[in-house]
Novice: 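Let me give you the structure first, and then I'll get to my questions.
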Amino acid sequence: MSAQKKATRIIKPQENSITDKRDSIGVIFYGSEDTADFFKNVYKGIKIEAAALDARPELLLKYSPMSAIEQVKDIDEMVQRGIKGLLISPIDDPIVADTIQKISNEGIPVVTVHTDIADSGRIAYVGTDPYKAGQAAAAQMCTFCEDGTEIGIVTGSRQIKVHELRIQGFVDYIKHSRRNISVESIGECRDDDYKAYELVQKMMSDSPGISAFFFATTGGIYGGCKGIFTMTTRLKFHVVTFDVFPATREFMKRGLIDCSIYQSPMHQGAHAMQILAGKVYDGRHPEQEINYEELSIKTKECLYL
């Protein structure tokens with residue numbers, strides 16, 4: 001399931017008989033479409049909001065590999081295709097920030113969704129507060145774990161700002177919790193199930209005391225949880241993840257995942273599209289630059305498993 005370059009997909013909302021020419025809005029997510037359950041839900045929200053606009057814009061969708069250079073190429077390609085605005089989940093790298101700043105200066109408004117990037121000229125960010133999300137995950141972990149618990153953290157990429165801030169929030173909360181709980185290992189799975197499977201096995205081999213995992217990303221949860229099951233027969237093993245997808249439900253039902261931090265992906269997409277459309281079609285600058293979505297905690301008691 002490695003992240004491979006995908007061709008641009010063009011999603012055309014319902015035909016408008018008044019005009020044959022529609023504006024185009026670019027949508028760029030990081031990672032691979034094959035493992036992008038979270039972004040597929042974000043995109044549903046974007047599509048719903050776009051279809052409700054009088055302009056009925058085309059949506060040009062791309063998944064960039066976790067590479068700043070590749071994401072810059074994708075942005076440039078979108079600009080060459082004449083997009084009127086861009087929704088993007090950016091790689092946190094100066095060359096991506098500079099590229100977003102450049103197109104913003106050229107009059108193409110940009111809204112970041114799910115993860116942000118500093119000094120880029122984007123007009124707004126829509127997503128959760130990742131630092132608080134990490135703290136929320138740590139607070140839940142502290143309720144499940146006994147003193148002496150050693151924790152492993154699986155992240156997607158250290159170049160994804162939302163992942164990094166979640167880890168910071170989690171680690172800071174654990175340090176100040178006055179609990180004898182420690183983070184022993186942090187590794188990248190690149191949001192890939194195969195890599196996550198191998199990563200958790202290596203982390204548990206290198207640190208045999210690990211008896212809990214925090215997944216700071218939505219990618220790789222299935223592979224990571226399969227890897228945990230392969231490596232341990234412990235009755236008490238704790239996992240905290242993000243969002244609710246088939247893999248999350250499966251491993252909640254099997255008793256491995258204790259809870260998941262839910263971040264309303266469809267609403268993130270719809271809200272980001274609303275802000276961008278206001279700028280593109282009405283010249284309206286967003287009321288707020290930072291737009292945080294509420295978090296909620298999902299346990300197996302909340303879900304139909």
Side-chain angles (χ1 to χ4, degrees), residues 8-31 33 36 38-64 71-72 74-91 96-97 99-129 161-162 263-294:
T8 305
R9 292 175 55 203
I10 303 176
I11 308 297
K12 294 185 179 182
Q14 181 178 337
E15 294 293 330
N16 186 334
S17 59
I18 298 177
T19 178
D20 293 326
K21 177 65 177 176
R22 290 183 192 80
D23 295 328
S24 296
I25 299 293
V27 181
I28 299 177
F29 300 130
Y30 62 78
E33 185 176 6
F38 175 81
F39 285 128
K40 288 174 184 176
N41 280 273
V42 174
Y43 192 58
K44 285 179 183 178
I46 293 172
K47 287 196 297 182
I48 290 170
E49 193 62 31
L53 296 171
D54 291 338
R56 299 292 178 88
E58 288 183 335
L59 300 176
L60 306 183
L61 172 64
K62 294 208 77 169
Y63 286 84
S64 299
Q71 193 165 70
V72 166
D74 289 337
I75 296 170
D76 289 342
E77 181 184 325
M78 292 281 190
V79 172
Q80 290 172 9
R81 299 188 68 163
I83 59 171
K84 298 297 184 181
L86 176 65
L87 297 168
I88 185 170
S89 297
I91 304 293
V96 175
T99 302
I100 293 174
Q101 182 70 71
K102 177 185 175 183
I103 72 170
S104 297
N105 293 342
E106 293 171 354
I108 300 174
V110 178
V111 174
T112 55
V113 59
H114 175 58
T115 187
D116 203 9
I117 187 167
D119 303 320
S120 63
R122 57 98 179 100
I123 63 170
Y125 161 70
V126 177
T128 58
D129 180 333
K161 189 173 183 179
V162 69
Q263 47 187 345
S264 303
M266 283 184 63
H267 193 266
Q268 286 190 34
H271 193 181
M273 187 68 217
Q274 288 171 2
I275 291 173
L276 186 64
K279 184 65 175 177
V280 170
Y281 296 113
D282 299 323
R284 186 173 65 250
H285 203 72
E287 295 180 5
Q288 298 180 147
E289 179 184 353
I290 305 297
N291 300 269
Y292 287 140
E293 304 292 333
E294 289 189 358

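What you see is a predicted model; the values in this text were computed from it and never measured.
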Novice: When you look at CG of Asp119, are more than 12 heavy atoms from neighbouring residues, nucleotides or ligands closer to it than 6.0 Å?
Specialist: no

Novice: At their closest point, which heavy atom of Ile83 faces which heavy atom of Leu60, and how far apart are they?
Specialist: CG2-CD1, 3.9 Å

Novice: Minimum heavy-atom separation for Thr115 and Val162, please, with both atom names.
Specialist: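 Closest pair (atom of Thr115, atom of Val162, distance): OG1-N, 3.0 Å.
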
Novice: Output, in order, the C-alpha distance, side-chain angles, deciding distance and verdict of side-chain contact (heavy atoms from CB on, under 4.5 Å) for Leu53 and Met273.
Specialist: CA-CA 10 Å; Leu53 296 171; Met273 187 68 217; 3.8 Å; yes

Novice: Phe29 versus Leu61: any side-chain heavy-atom pair under 4.5 Å?
Specialist: yes

Novice: Donor-acceptor pairs under 3.5 Å, side chain of residues 275-287 to any protein atom, not counting sequence neighbours: which ones?
Specialist:
{"unit_1": "Tyr281", "atom_1": "OH", "unit_2": "Asp23", "atom_2": "OD2", "d": "3.4"}
{"unit_1": "Asp282", "atom_1": "OD2", "unit_2": "Arg284", "atom_2": "NH1", "d": "3.1"}

Novice: I'd like to check the salt bridge (Lys or Arg N to Asp or Glu O under 4.0 Å) partners of Asp116; sequence neighbours left out, ordered by chain and number.
Specialist: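 Expected list: Arg122.
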
Novice: With a 6.0 Å cut-off on ring centres, are Phe39 and His114 close enough?
Specialist: yes

Novice: Can you establish whether the number of heavy atoms outside Glu106 located under 6.0 Å from its atom CD is more than 12?
Specialist: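 Enclosed: over 12 neighbouring heavy atoms sit under 6.0 Å from CD of Glu106.
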
Novice: Is the closest side-chain heavy-atom distance between Glu293 and Val126 below 4.5 Å?
Specialist: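 Glu293 vs Val126: side chains touch.
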
Novice: Examine the side chains of Asp76 and Gln80 and answer whether a donor and an acceptor come within less than 3.5 Å of each other.
Specialist: no

Novice: Got Met78 and Ile103 here, is their nearest side-chain heavy-atom distance under 4.5 Å?
Specialist: no

Novice: Kindly compute the distance separating CZ (Arg22) from NZ (Lys84), expressed to the nearest 0.5 Å.
Specialist: 14.5 Å

Novice: Any heavy-atom pair between the side chains of Thr128 and Gln268 that's under 4.5 Å?
Specialist: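 Of all side-chain heavy-atom pairs linking Thr128 with Gln268, at least one is under 4.5 Å.
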
Novice: Mind checking the CG-CD1 spacing from Leu59 to Ile46? Nearest 0.5 Å is all I need.
Specialist: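 One finds 7.5 Å between CG of Leu59 and CD1 of Ile46.
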
Novice: Give me the atom names and distance for the closest heavy-atom approach of Ser264 to Glu294.
Specialist: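 Reported closest heavy-atom pair: OG-O, 4.3 Å.
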
